[in-house]
Amino acid sequence: QVQLVESGGGLVQTGNSLRLSCAASGRTFSSYNMGWFRQAPGKEREFVAAIGWSGGSTSYADSVKGRFTISRDNAKNTVYLQMNSLKPEDTAVYYCAADRTRYISRGRYNYDYWGQGTQVTVSS
C-alpha cells in the first residue's frame with residue numbers, strides 16, 4: 001500500500017510558477033507509475049500529467065503541455081509537478097495518484113492510491 005501527501009500549492013498571479021511535490025510512503029514507490037490530476041469546483045477530476053516508474057516515459061494533457069513538467073526522484077519517494085506560466089483556468093485542487101499497471105495511464109480509474117490534494121489558485 002502507498003500513502004501519498006501533496007504539498008506546494010498556494011495562491012499565485014497569472015504567469016507565475018509553482019512546484020508541487022507528492023511524497024510517498026512505502027518501499028515500492030519505484031514500481032508505481034505516478035500521475036497528477038486536478039479538479040476545479042463543479043467539474044470532473046481531470047488528467048494533468050503522468051510519469052512511468054523509471055521516469056523514462058511521460059504524458060501530458062494538451063492544456064498543460066509545454067507549461068508543466070512532471071518528474072520523480074525514486075531515491076526520495078517523491079514526484080513533482082513544475083507548473084510555469086500559470087493561468088486562472090489552472091485553478092483547482094491538484095491530486096497525485098499511484099498506479100501499478102504496466103503502462104502510464106490518463107484514466108483516473110486506473111489509479112489505485114490517491115493523496116488528499118493541494119489547492120492551487122491563480123489570480124488574474
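Here, residue 1 is the first one in the sequence, and each next residue gets the next number. For the numbers below, each heavy atom of this structure counts, side chains included, while hydrogens, waters and symmetry mates do not.
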(Q) Any non-hydrogen side-chain atom of Asn33 less than 4.5 Å from a side-chain atom of Tyr103? (A)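 Not in contact.
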How would you list, by chain and number, every residue that makes a side chain to side chain donor-acceptor pair (under 3.5 Å) with [X], sequence neighbours excluded?
{"X": "Arg67", "result": "Asp90"}
{"X": "Arg106", "result": "Ser59"}
{"X": "Thr69", "result": "none"}

Q | Sequence neighbours excluded, every pair satisfying disulfide (SG to SG under 2.5 Å) that has a member inside residues 50-90 | A |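 Those involving residues 50-90 do not exist here.
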Q | Within residues 58-124 or reaching into it, pairs that qualify as disulfide (SG to SG under 2.5 Å) - sequence neighbours excluded | A |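 Only Cys22-Cys96 qualify under disulfide (SG to SG under 2.5 Å).
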Test item: [X] side-chain N/O and [Y] main-chain N/O as donor-acceptor pair under 3.5 Å:
{"X": "Thr91", "Y": "Thr121", "value": "no"}
{"X": "Gln13", "Y": "Val122", "value": "no"}
{"X": "Thr118", "Y": "Ser7", "value": "no"}
{"X": "Gln82", "Y": "Arg19", "value": "no"}

With sequence neighbours left out, what residues match [X] under salt bridge (Lys or Arg N to Asp or Glu O under 4.0 Å)?
{"X": "Asp99", "answer": "none"}
{"X": "Arg45", "answer": "none"}
{"X": "Glu46", "answer": "Arg38"}
{"X": "Lys65", "answer": "Asp62"}

(Q) Going by ring-ring contact (aromatic ring centres under 6.0 Å, His included), name the pairs with one or both residues in residues 58-93, residues two or more places apart or in two chains. (A)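 Non-adjacent pairs meeting ring-ring contact (aromatic ring centres under 6.0 Å, His included): zero.
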Q. Can you tell me how far the CG atom of Asp73 sits from the OG atom of Ser30, to the nearest 0.5 Å?
A.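 The OG atom of Ser30 is 11.0 Å from CG of Asp73, to the nearest 0.5 Å.
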Q. Any chain of hydrophobic side-chain contacts (each under 4.5 Å) joining Trp36 to Val64?
A.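 The answer is yes; both residues are in one hydrophobic cluster.
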Q.
Listing request: all salt bridge (Lys or Arg N to Asp or Glu O under 4.0 Å) pairs with a residue in residues 107-123, at least two apart in sequence or in separate chains.
A.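 For residues 107-123: Glu44-Arg108.
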**Q.** Cluster companions of Tyr111 among Ile, Leu, Val, Met, Phe, Trp, Tyr (side-chain spacing under 4.5 Å)
**A.**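 Tyr111 shares its hydrophobic cluster with Phe37, Phe47, Val93, Tyr95, Trp114.
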